Amino acid sequence: MDREKSGTRSPCVRDVLQRGEDEITSASLRELSERLQQAMRPVEPSAVFVRSLGRELVEASRRQRETARRLRRNLLIGAAALGSVASVAGVAFLLLRRRALKASEA
Amino acid sequence: MGIGVAEENEAELIAQAKKDPEAFGLLYERYVGRIYRYLYYRTGNQEDAEDLTARTFYRALKSLPRYQDRGLPFGAWLYRIAHNVVANWLRDRSRRPVVALEALGSSASREHGPLEALEEQEERELLLQAVRCLPPERQELLILKFVEGLSNAEIGAVMGRSEGAIKSLYHRTLVALRAALAGEERGGKGQEDG
């Protein structure tokens with residue numbers, strides 16, 4: 001008794017008390033877990049919301065694809081135009097250079 | 001129900017959704033309930049949950065062309081987006097979620113008398129308030145476990161942690177929650193006494 005009061009319990013008593021505390025702890029956590037299971041019930045979104053958001057998303061997806069397609073097409077056209085301008089400029093440069101050479105030879 | 005058990009054609013559906021808006025609609029139908037429930041318990045009310053559900057799916061739609069299958073379920077990718085959306089929302093508004101009244105209505109209230117039902121509602125409200133005071137990742141864990149019924153391994157896939165880490169986090173969460181509830185009860189009694 002005195003030993004217990006002074007906090008020098010035998011290892012055996014300590015083990016038994018510890019086991020008891022662990023059991024109480026695990027029982028109370030189990031009980032809390034059950035309370036959580038009761039409290040956190042699944043909820044469902046309203047059907048109107050689900051339908052309307054679904055429609056909006058499909059529409060947005062369509063617009064997104066259309067925008068991407070238009071962007072690709074514009075990029076292609078831009079690249080082709082740039083290529084054409086570069087070719088014309090190249091030919092013009094060669095012609096001018098040849099003319100300049102001829103003029104200098106004459 | 002588990003997100004790990006992806007339907008056979010999910011990968012095909014995702015690939016198709018990158019090209020076909022209707023396929024994205026099918027993916028949306030498959031996941032809207034789960035994402036809504038997750039956001040409902042994070043925000044505490046229907047209006048904000050709907051708003052954030054819409055934001056989540058719009059963001060998913062925008063990011064879908066860059067989505068790559070890295071072994072994680074598609075649902076995990078969506079939960080990550082929802083997690084970021086709700087984190088931004090909480091930061092921007094700097095407000096504490098409130099417990100929605102509609103969440104408190106239960107089948108129990110129809111089964112018991114009005115007094116018992118009221119007590120049950122109060123107890124549930126207290127518990128949900130305590131849950132919402134937990135750090136976000138612990139709230140997320142509890143929602144995925146109790147509302148979505150996911151296993152520790154599936155929660156790990158969503159939260160990017162190992163199954164063991166989830167198990168340990170769950171235990172710590174329960175201990176913290178129990179301490180918070182005990183504190184509130186003591187506080188309540190103290191106020192009544194004073």
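The basis for the numbers below is simple: all heavy atoms, side chains too, and nothing from hydrogens, waters or symmetry mates. Just so we're on the same page: letters track the sequence lines, and every chain starts at 1. Only a predicted model underlies this, so the values are computations on that prediction, with no experimental measurement involved.
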Please look at [X] and chain A and tell me whether the side chain, the backbone, both or neither of the residue comes under 4.5 angstrom of a heavy atom of that chain.
X: Leu61(B); answer: both
X: Tyr58(B); answer: both
X: Val131(B); answer: side chain
X: Ile143(B); answer: both

Test salt bridge (Lys or Arg N to Asp or Glu O under 4.0 Å) applied to Glu59(A) and Arg62(A), step by step: CA-CA 5 Å; Glu59(A) 193 48 48; Arg62(A) 226 170 253 142; 3.6 Å; yes
Ring center gap for Phe57(B) and Tyr31(B) short of 6.0 angstrom: no
Sub-6.0 Å ring centroid separation between Phe146(B) and Tyr41(B): no
Per-residue contact mode, Gln64(A) against chain B (heavy atom under 4.5 angstrom): side chain
Choice from Glu56(A), Arg55(A), Gln38(A) maximising heavy atom contacts with chain B below 4.5 Å: Glu56(A)
Partner chain B: residue of Pro45(A), Ser46(A), Ala60(A) with the largest heavy-atom pair count (under 4.5 Å): Pro45(A)
Ser168(B) versus Arg172(B), side-chain donor and acceptor atoms under 3.5 Å: yes
Polar side chain donor-acceptor pair, Tyr40(B) to Thr53(B), under 3.5 angstrom: no
Greater than 12 external heavy atoms within 6.0 Å of Lys18(B)'s NZ: yes
